[in-house]
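Worksheet: the structure to be examined is printed underneath.
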Amino acid sequence: MDVFHFEVIQLLIKKQVGMMENYELVIGLEVHVELSTESKLFCGCSTRFGAEPNTQVCPVCSGMPGTLPVLNKKAVESAVKAASALGCGVEEVSIFARKNYFYPDLPKNYQISQYERPIASDGFLMLDGRKIRIKRVHMEEDAGKLIHSAGESGPSYVDLNRSGIPLIEIVTEPDLKSSSEAETFLNNLKRILEYLEISDCNMEEGSLRCDANISVRPRGESRLGVKTEIKNMNSFKAVRKAIDYEAARQVSILSKNGRISQETRLWNESIQVTEGMRSKEEAHDYRYFPDPDLMPVYVTGQMCREITESIGELPLERKERFVREYGLSEYDASSLTSRKKVADYYEKVVSGKINPKAAANWIMGDLMALLKEHKTEIDSSPVLPGYMAELLSFTEDGRITGTTAKDVLSECFATGICPGDIVREKNLLQINDQDLITGTIREVLENNGKAVADYRNGREQAVGFLVGQIMRKTGGKANPAIVRDTLLKALKEM
Ligand code: ADP
Ligand code: MG
Ligand code: ZN
């Protein structure tokens with residue numbers, strides 16, 4: 001572990017005051033995104049996640065001599081989609097190069113990537129009204145995966161199922177200023193890619209990976225400081241923590257007149273520190289050169305236009321429309337549109353002329369809780385959008401009470417039976433019958449002398465208790481407004 005470790009920890013703790021204040025943080029991200037195409041970038045092998053090791057491999061992606069790569073058109077289209085959504089200029093001609101290095105997960109001893117001529121460059125992503133510039137978007141193939149046995153001396157295994165899966169790498173300019181900004185950037189980027197339906201963006205399965213470049217400089221200084229590159233973070237939270245740690249480490253060095261060495265560092269999740277991996281001197285010289293087995297990639301203006309036009313509404317636009325069209329708050333609109341599936345579900349529900357605010361509350365509240373509890377995604381919810389709309393129309397016109405609606409929702413979730421049938425079969429219609437309610441109230445008042453006495457002594461809470469008793473007696477079906485009115489009248493008359 002670093003000798004600086006304890007000082008760094010102290011700085012992290014005192015971050016709000018003192019030394020950190022004198023420095024500003026500069027961050028640039030490199031994000032790798034696995035494209036969810038059916039087949040790999042240069043061969044027909046499946047890209048499905050979770051298969052038995054080395055069952056999705058062929059001579060091309062296992063690097064056999066004499067094989068030739070054939071480019072996957074779908075992957076190019078996905079890359080163009082991402083580039084357009086990020087406001088990048090898409091190149092008519094881009095070139096695949098060989099990035100040469102030796103590693104056991106790389107059977108060809110080179111990775112096919114784009115280097116001098118990437119497919120797109122110069123875009124941006126909006127972050128709280130500010131443009132974070134995107135330097136480039138390029139295509140490349142993924143490497144295989146090493147599986148190390150536990151302990152020091154066991155063997156390591158190579159799984160080539162991932163070898164050759166298409167990736168895009170998105171590189172930002174050093175425009176991010178804090179760890180939380182970096183985290184928000186990643187969240188927004190993830191939303192966009194999910195909306196484009198070009199990647200699962202699942203960090204646990206490795207379909208989204210991020211390296212962070214970090215430097216610090218004295219406040220007011222215009223030149224950039226020496227950067228380090230942090231790898232090996234496997235969640236957005238880890239990215240945030242690694243950046244905070246690394247910034248504090250750099251500040252603790254600089255404030256003692258030390259120098260930052262340009263290096264690649266690894267985030268060690270178990271002890272929450274960054275550790276040196278290789279210095280600039282040891283940095284690879286990849287000896288890039290154009291891959292002679294592949295033609296340049298041509299994306300005609302026509303093709304680019306067609307792809308761009310196929311992009312639907314993006315998360316930010318959709319959020320703004322939700323505010324405009326449904327009169328939702330920024331907060332509700334943002335939660336509903338942060339995932340495309342949820343927004344789609346919501347729009348199906350409100351298309352049935354349902355109060356948009358009520359629908360938002362029920363979906364983000366009760367439905368989400370049920371989905372979470374049963375580890376179900378909203379697009380496979382047993383409560384279909386039409387069922388949700390039916391349930392909400394029942395509460396809106398007063399046919400059932402809010403309490404009943406909650407029960408019906410759970411029942412519908414558990415059984416998949418539509419709310420209308422549940423209400424009919426279980427006889428759950430709201431009780432609006434004045435005589436019936438008055439009768440129940442009389443009974444409850446007779447049996448709860450203490451609560452009545454409390455009320456007379458000015459204890460308002462007694463009303464709530466009595467309403468609760470009445471609702472219980474009617475199985476939650478009595479109209480709460482009528483119950484309250486009638487109860488108050490009865491109490492006054494006593
Ligand atoms: P390299 O040649 O070392 O790979 P690049 O210019 O390609 O560097 O940039 C890689 C990433 O590092 C980009 O995301 C860029 O924004 C970021 N970056 C470059 N310089 C700095 C710096 N001084 N501080 C923080 N990030 C930086
Ligand atoms: Mg780089
Ligand atoms: Zn293959």
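Here the structure is a predicted model, which means the values were calculated and not measured. Whatever order the structure lists them in is the order used to number ligands and atoms, beginning at 1.
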So for ligand 1, is [X] a polar contact partner (N or O within less than 3.5 Å, distance only)?
X: Ser215; value: yes
X: Val171; value: no
X: Val226; value: no

Inset, instruction - Using modelled atom types only, decide if a donor and an acceptor are shared between the side chain of Arg117 and the backbone of Phe96 within a distance under 3.5 Å. - result: no
[X] and [Y]: side chain donor to acceptor below 3.5 Å:
X: Ser279; Y: Glu263; answer: no
X: Ser207; Y: Asn202; answer: no
X: Glu30; Y: Asn213; answer: yes

Could you tell me if the side chain of [Y] sits less than 4.5 Å from the side chain of [X], heavy atoms only?
X: Tyr115; Y: Ser113; result: no
X: Val297; Y: Val76; result: yes
X: Ile134; Y: Glu173; result: no

Legend entry - Any Lys135 heavy atom less than 4.0 Å to ligand 1: yes
Legend entry - Partners meeting side chain to side chain donor-acceptor pair (under 3.5 Å) with Ser180 (sequence neighbours left out): Ser178
Inset, instruction - Assess whether atom CZ of Phe289 is packed by more than 12 heavy atoms of other residues, nucleotides or ligands within 6.0 Å. - result: yes
Legend entry - Arg287 atom CZ, neighbour heavy-atom count above 12 within 6.0 Å: no
Check ligand 1 against [X] and write out every atom of the ligand that is under 4.0 Å from a heavy-atom position of the residue.
X: Glu173; result: 16 (O)
X: Pro174; result: 16 (O), 26 (N), 27 (C)
X: Leu224; result: 23 (N)
X: Gly225; result: 23 (N)

Inset, instruction - Verify whether the ring centers belonging to Phe322 and Tyr346 lie closer than 6.0 Å. - result: yes
Inset, instruction - Return the option from Ile214, Asn213, Thr172 holding the heavy atom at the smallest distance from atom 15 (C) of ligand 1. - result: Thr172
Inset, instruction - Could you count the protein N, O or S atoms found under 2.8 Å away from the Zn ion (ligand 3)? - result: 4
Legend entry - Asp175 contact mode with ligand 1 (heavy-atom cut-off under 4.0 Å): neither
